[in-house]
Amino acid sequence: MLKKGQNEFTQNASSKVRIKVINDKCISAAICIIQAPQTFDLDDDGIAYVKDGTWDEAITIMKAAKACPTTAIIIEDLDGNQLYPEK
Ligand code: SF4
């Protein structure tokens, strides 16, 4: 079963960004979890998902997305403009 933010965008009242993890691209490297532990976690299959609760700062979430070796994390602003990866 898909968890929050997997293959679809999710947003959070605590943040100015929307996040999506593309499951097929996630290789369980867990770098996103190290970079932004309040935002990302791994599910039982080792695929990243987006946590409930207060997320990390948007700049930290962007850093986590940029650190992902497979570009599995997509970040948008609340208007749906893609912030990362840059188009
Ligand atoms: S850094 Fe990328 S590949 Fe690694 S767990 Fe996070 S989303 Fe998956």
Side-chain angles (χ1 to χ4, degrees):
M1 199 180 84
L2 290 180
K3 289 201 164 195
K4 204 171 168 198
Q6 292 181 327
N7 292 341
E8 65 177 18
F9 281 99
T10 187
Q11 63 189 69
N12 184 311
S14 70
S15 182
K16 295 185 173 71
V17 295
R18 289 153 40 91
I19 310 171
K20 175 164 80 173
V21 177
I22 302 169
N23 283 25
D24 285 349
K25 292 182 92 174
C26 178
I27 56 165
S28 315
I31 294 163
C32 57
I33 288 128
I34 293 164
Q35 294 274 343
Q38 285 176 233
T39 310
F40 297 101
D41 203 352
L42 292 185
D43 70 11
D44 293 340
D45 296 324
I47 304 297
Y49 70 95
V50 179
K51 296 169 78 170
D52 289 320
T54 304
W55 290 351
D56 301 273
E57 296 287 334
I59 193 165
T60 303
I61 295 170
M62 284 289 283
K63 260 194 210 167
K66 288 178 181 177
C68 175
T70 62
T71 330
I73 300 172
I74 313 294
I75 308 293
E76 283 186 355
D77 66 18
L78 297 184
D79 295 323
N81 301 306
Q82 190 165 308
L83 302 176
Y84 186 82
E86 286 172 28
K87 282 189 170 173

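Computed from a predicted model, the values in this text were never measured in an experiment.
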>> Within this structure, what is the SG-CG distance for the pair Cys26 and Asn7, rounded to the nearest 0.5 Å?
In response: 10.5 Å

> Which heavy atom in Ile73 sits nearest to a heavy atom in Ala65, and how many Å separate them?
Replying inline: CG2-CB, 3.7 Å

> Is a side-chain donor or acceptor of Thr70 paired with a backbone partner of Lys25 at a separation under 3.5 angstrom?
Replying inline: yes

>> Taking salt bridge (charged side-chain N to carboxylate O under 4.0 Å, His left out) as the definition, give me every residue that meets it alongside Lys4, ordered by chain and number, with sequence neighbours left out.
In response: Asp52

> So which heavy atom on Val17 is nearest to which on Ala58, and how close?
Replying inline: CG1-CB, 4.0 Å

> Ile74 and Tyr49: same hydrophobic cluster, using ILVMFWY side-chain contacts below 4.5 Å?
Replying inline: no

> What closest approach, in Å, do Leu42 and Ser28 show between heavy atoms, and which atom pair accounts for it?
Replying inline: CD1-O, 4.5 Å

> Could you give the distance from CD (Gln11) to CZ (Arg18), rounded to the nearest 0.5 Å?
Replying inline: 5.5 Å

>> Please determine whether the number of non-hydrogen atoms from other residues, nucleotides or ligands lying under 6.0 Å from atom CG of Leu78 exceeds 12.
In response: yes

> Mind checking whether Phe9 and Ile22 sit in one hydrophobic cluster, side chains of I, L, V, M, F, W, Y counted as touching below 4.5 Å?
Replying inline: yes

> Looking only at heavy atoms, what is the nearest atom pair of Ala36 and Ala64, with distance?
Replying inline: CB-CB, 3.9 Å

>> Just verifying a value: how many Å separate Asn23 CG and Lys3 NZ, rounded to the nearest 0.5 Å?
In response: 11.5 Å

> Under 6.0 Å from the NZ atom of Lys20, do we count more than 12 heavy atoms belonging to anything else shown?
Replying inline: yes

> Which heavy-atom pair separates Thr10 from Trp55 by the least distance, and what is that distance?
Replying inline: O-CH2, 3.5 Å

>> Please check this pair: side chain of Gln82 against backbone of Pro85, looking for a donor-acceptor N/O pair closer than 3.5 Å.
In response: yes

> What distance separates Glu76 CD from Tyr84 OH, expressed to the nearest 0.5 Å?
Replying inline: 15.0 Å

> With hydrophobic residues grouped by side-chain heavy-atom distances under 4.5 Å, do Met62 and Ile31 end up in a single group?
Replying inline: no

>> How close do Pro69 and Ala29 get, counting heavy atoms only, and between which atoms?
In response: CG-CB, 4.0 Å

> Have Gln6 and Asp43 got a donor and an acceptor in their side chains that come within less than 3.5 Å?
Replying inline: yes

>> Quick check on the hydrophobic clustering: are Ile33 and Ile19 connected, directly or via other members, by side-chain heavy-atom contacts under 4.5 Å?
In response: yes

> Is a side-chain donor or acceptor of Asn12 paired with a backbone partner of Ser14 at a separation under 3.5 angstrom?
Replying inline: yes

>> With a 4.5 Å cut-off on side-chain heavy atoms, are Ile61 and Ile75 touching?
In response: yes

>> Checking the side chain of Lys51 only, and the main-chain atoms of Pro37 only, is there a donor and an acceptor separated by less than 3.5 Å?
In response: yes

> Can any side-chain N or O of Asp77 pair as donor or acceptor with the backbone N or O of Asn81 at less than 3.5 Å?
Replying inline: yes

